[in-house]
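See structure below.
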Amino acid sequence: MDRRISMWAVTQDVSSATISNIKDGAAGQKNGLLPTATIEKLPDKILLKIFSYLPHKELSRLARVCRKWRTVSCDSRLWTHVSLRPEVSGLHVSSIESLLALISIRFGPSLKYIELPIELITHTVLHELAYKCPNLVQMLLDFSTAMQLHDFSDLQTFPTKLRSMCICLSEVIFMEGFMRKIYNFINGLEVLHLIGTYEKVTEEEEEIYEVINIHKLKSAVPNLRVINLYGIVFVDDSHVEAFSSNCQQLECLALNYCNKVTGSTLKLLFQRCKRLRCLLMYQTVGMMEHAGLLSEHVTAVEWDKTALQELDIGGTELSAECLLDLMGRLPQGLRYLACGQQDAFSDIMIKELLERGNYKSLVALDLDRNENISDEALLAFLTHQGPALRGLVLSGIPHLTEQFWLAVLPLLRNVKILVMGMGDSCCLKIHQKIHIDSLIDCIANCLPELERLEIQWGMSTLRFSDRSSKAIDFIRMRCPRLQSWVLTDGKYFELVKSNFERADRKTVVRTTTNCHVTLVYLLLNYRDLLFN
Amino acid sequence: MVIARLQSKDGDIFIIDVDVAKRSNTLKLAIEMSKIDLDDDVIPIENITSNVLKPIIDWLTYHKDDEPSEPIKILKAKPYYISNWDKEFLKMDLKLLYEIMNAAHFLDIKDLVDLGCKHIANIIKISSHEELTEIFEFEATPILLTELEQIENM
C-alpha cells in the first residue's frame, strides 16, 4: 500500500514538473530541460533506420536535401535489395550509364538482390555486377516484354555466387544465345524460377516456342533444391525427367499451370530424387490438345515410399479411382494437401484417409469446390484432425453453411488461414441465408491465431444488421494477427473496410476481385518459392 | 510486483515494474549484471531528463505485454502499421520526439526507436522538398552536383 502511495506521489510530482516546464519555456531552456535536439543531431544509425522505411525512389530525392542526408542515403546498407522494374514499384533508371554508376557507387559489395528489366540486361551491366558485387546471391532477369535480345556475344563473365535466379521468359525470344554464355557461372544455383507466359495465352491457336533449352540448362545446375516452372506452355514430362536426372538435391518442384505435363515421369522423379518433399501441380489441367495430368501416371507413383510432405493437385482432372488410391497411399509425413476442384473427390476419399490414419501430420488442407463431400464426412475428419490444422480451405461447397461452420470452428483453434463461403457467381445457388455476425463472433472466439481469412459469400447470401459493427470490432480486437481479410465486393465489404480503416489498419480488408487467400504461406519452401 | 526506481537527470524518481524496465536492454543489463538492490537503490539515468523519461515509461508500460518484434533487416521498403495508441503518443513536438528517440536509442528500446523512425519516414514521404527544409529546420546548404547526381538528374 505504501508503495502505491509513493508511486502516485512521484508521478504527480513529475507531471506537475513537466507541466511547469512546458509553461515556463524560457526558464526550462536555461536549465536544459526543454528539448533542443534537431533531426541533424540524431545518430546516423537512427537516420539510416528512418531511411530504411523509405523506397529507393524517395531516397534519390532525399539525397538532394542536405549533405548529411546525401551521405546516409548512399549508405550501401540501404541498397542490398534493389528492383529496377518501375512497374513493380522499383527504381526507374533511365540509362545503362546511370545504372553502371549506381553499381559502382551505391551497390558495391553490399548488393545481395537485384531485379533487372530487359532494357538493362546487357553484357556491360552483367560484367559490372560480376566484378563489383561479389555478394550478389539472388537475381531476377525479366525478359517477358522482350521483342529482341541484346547481343551477348561479348559476355565473358557473370555473377558467380548466385544462389537463386528467376528468369521471366518471353513467348518468342530464344534464350539460348544468353544461356550458353552463363551456364559456366551458375553451377551454385539452389533455387531456379522460370516464369512462363501462361497469363498471356489467348484461346487462339498460337505457335508455341521452346524458348529455353531445359535439357541443356539442367546440366549446368546440379545443386538445385527448388525448381519453380510457372505457367510455361512448352514444359512437358521430358523436362521433368531432365531435371530429375541431374538434381539429386531436389526438395521442391512446382509445375503450376504447366499444361503439357501429364505426369508420365513422376514415378521416375520420385525414384531419383529421394529428398523431394514438395510437389505442386496446381492447374496442370488439359487445355486444347494437351491432356493434362493423367490418372494412370499418378497411380503409377509409389507414393507411400516417398518422403513427400506437401502435395498440390488442385484443379487437375483425376478419376475417382485414382484419388481413392492416392488417399490410401499418401505417405505418413504428409503435412500439406491441396486437392481442390476435383469433381470426383467425395466422402469415400475422406473415409479412406481416416481409415488409413495417414493424415496425422496434416496441417494444411485445401478442398476448394469439392461439392461432392458431405458435411458429415468433413465434420468427422475435422473432429480428428481439426485441432492440428493451421490452414483450411473449404470454399465453393454450397451446403457448408453457417450451421456447419458454427459446429466446426471450435475444432480449429490453431488455424491461421481460413477460406469459406461460396461466391454468387457460381452456378449453384445457395438457398439458405448466412447470418454473418454470429459466424464472425464465433471466428473471433475460436481462432485467436487467425492471420488470413476469406469469406466468399456474396451480397445475395449474406445477412447482416446494425449489430454487424459490433462483431467486426470484436474480431478486430480478438484476432490481432489478422493481416488479410478478403470479402466479396458489396455493402458488407464496405462496412468491414471502413471499420478497419477507422482503426488505422488500412491494408487488411480487400475484395475477391483483386485478392485470394491460399495456403501457400504454410509451405516449408514458401520463401524460396516467392518470385516477382 | 517487483519494482525499480529510475532517477532522471533532474533528480525525479520514477517507480516502475521491473519487467517494464527490462524491456530496455540497457536497463536489463544494468539490473542483471550489477548488484543493484531493487528494494533500496535507485538507478540513475544521468543523461535523460524527466520530460523525456516520462513518455518513454508511459510507452513501455503500455507495450509491456507486446511480443518483441523480429529484428528488422534493412530491406526494401515495406508497408508498416502504427497503432492508434502509438499515433496518439506521437502527437508531440518533433524536437521532443528526437530527444525521445535519442534516449530510446541509449536505453536500447528497439521498438520505440523503430516507431519514431516509421513516423518520421511517413512525414518525409508526404512532404515536398521545401516542406522538408522547413519541418526539419535545415540550414539551406547548397549542394554541389556531383557527377553521379548529374547522371541521375538527366
Side-chain angles (χ1 to χ4, degrees), chain A residues 3 6-7 10-11 13-15 17-18 21-22 28 31-43 45-56 58 60-67 69-70 77-78 80-83 90 94-95 97-98 101-102 105-106 113 503-507, chain B residues 1 3 8-10 12-16 49-54 72-84 87 93-102 105 113-114 116-118 120-122 124-125 129 132-133 135-141 143 146-149 151-154:
Chain A
R3 256 182 204 154
S6 64
M7 196 156 66
V10 172
T11 329
D13 267 7
V14 173
S15 34
T18 323
N21 275 341
I22 291 166
N31 300 331
L33 287 177
L34 250 206
T36 48
T38 64
I39 196 164
E40 292 174 73
K41 295 219 175 82
L42 285 175
K45 220 177 145 185
I46 292 186
L47 201 54
L48 190 63
K49 197 172 255 172
I50 294 175
F51 283 14
S52 74
Y53 285 107
L54 295 164
H56 288 137
E58 202 70 14
S60 317
R61 179 171 77 104
L62 296 182
R64 292 184 204 114
V65 170
C66 76
R67 231 165 246 289
W69 283 28
R70 160 150 208 89
R77 277 170 289 182
L78 293 170
T80 56
H81 292 65
V82 181
S83 167
S94 50
S95 69
E97 286 68 35
S98 47
L102 276 173
I105 299 166
R106 293 273 163 86
Y113 174 81
D504 245 315
R505 293 174 64 181
K506 291 196 177 75
T507 56
Chain B
M1 181 174 94
I3 57 146
S8 74
K9 186 181 177 182
D10 351 60
D12 297 316
I13 292 181
F14 295 80
I15 294 176
I16 65 170
T49 53
S50 297
N51 63 326
V52 175
L53 193 54
K54 172 82 173 46
I72 295 178
K73 291 172 213 135
I74 295 186
L75 279 178
K76 53 185 171 181
K78 49 183 169 188
Y80 42 82
Y81 153 68
I82 299 178
S83 76
N84 272 355
K87 279 239 162 101
D93 189 62
L94 273 181
K95 287 180 179 174
L96 179 59
L97 181 64
Y98 302 147
E99 291 269 4
I100 288 177
M101 285 168 69
N102 260 332
H105 182 59
V113 176
D114 282 348
C117 289
K118 286 179 205 171
I120 295 177
N122 270 341
I124 291 177
K125 247 191 218 170
H129 188 99
L132 282 179
T133 332
I135 295 167
F136 296 109
E137 297 181 24
F138 286 114
E139 292 175 26
T141 40
I143 302 173
T146 63
E147 206 177 324
L148 174 61
E149 276 170 333
I151 293 166
E152 279 176 3
N153 285 338
M154 280 194 306

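The structure displayed is predicted, hence computed values, not measured ones. Only heavy atoms go into these numbers, but all of them, side chains included; no hydrogens, no water, no symmetry mates.
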So, for [X] and [Y], which heavy atoms are closest and what is the spacing to 0.1 Å?
X	Y	answer
Leu54(A)	Ala121(B)	CD2-O, 3.4 Å
Tyr98(B)	Leu42(A)	O-CD2, 3.7 Å
Ile124(B)	Arg61(A)	O-NH2, 3.1 Å

Heavy-atom proximity to chain A below 4.5 Å, by part of Leu53(B): neither

Side chains of [X] and [Y]: does their closest heavy-atom pair fall under 4.5 Å?
X	Y	result
Met101(B)	Pro43(A)	no
Tyr53(A)	Asp114(B)	yes
Lys45(A)	Val113(B)	no

Rounded to the nearest 0.5 Å, the CD1 atom of Ile120(B) sits from the CG atom of Leu47(A) at a distance of 8.5 Å

Region of Leu62(A) in contact with chain B, defined by heavy-atom distances below 4.5 Å: side chain

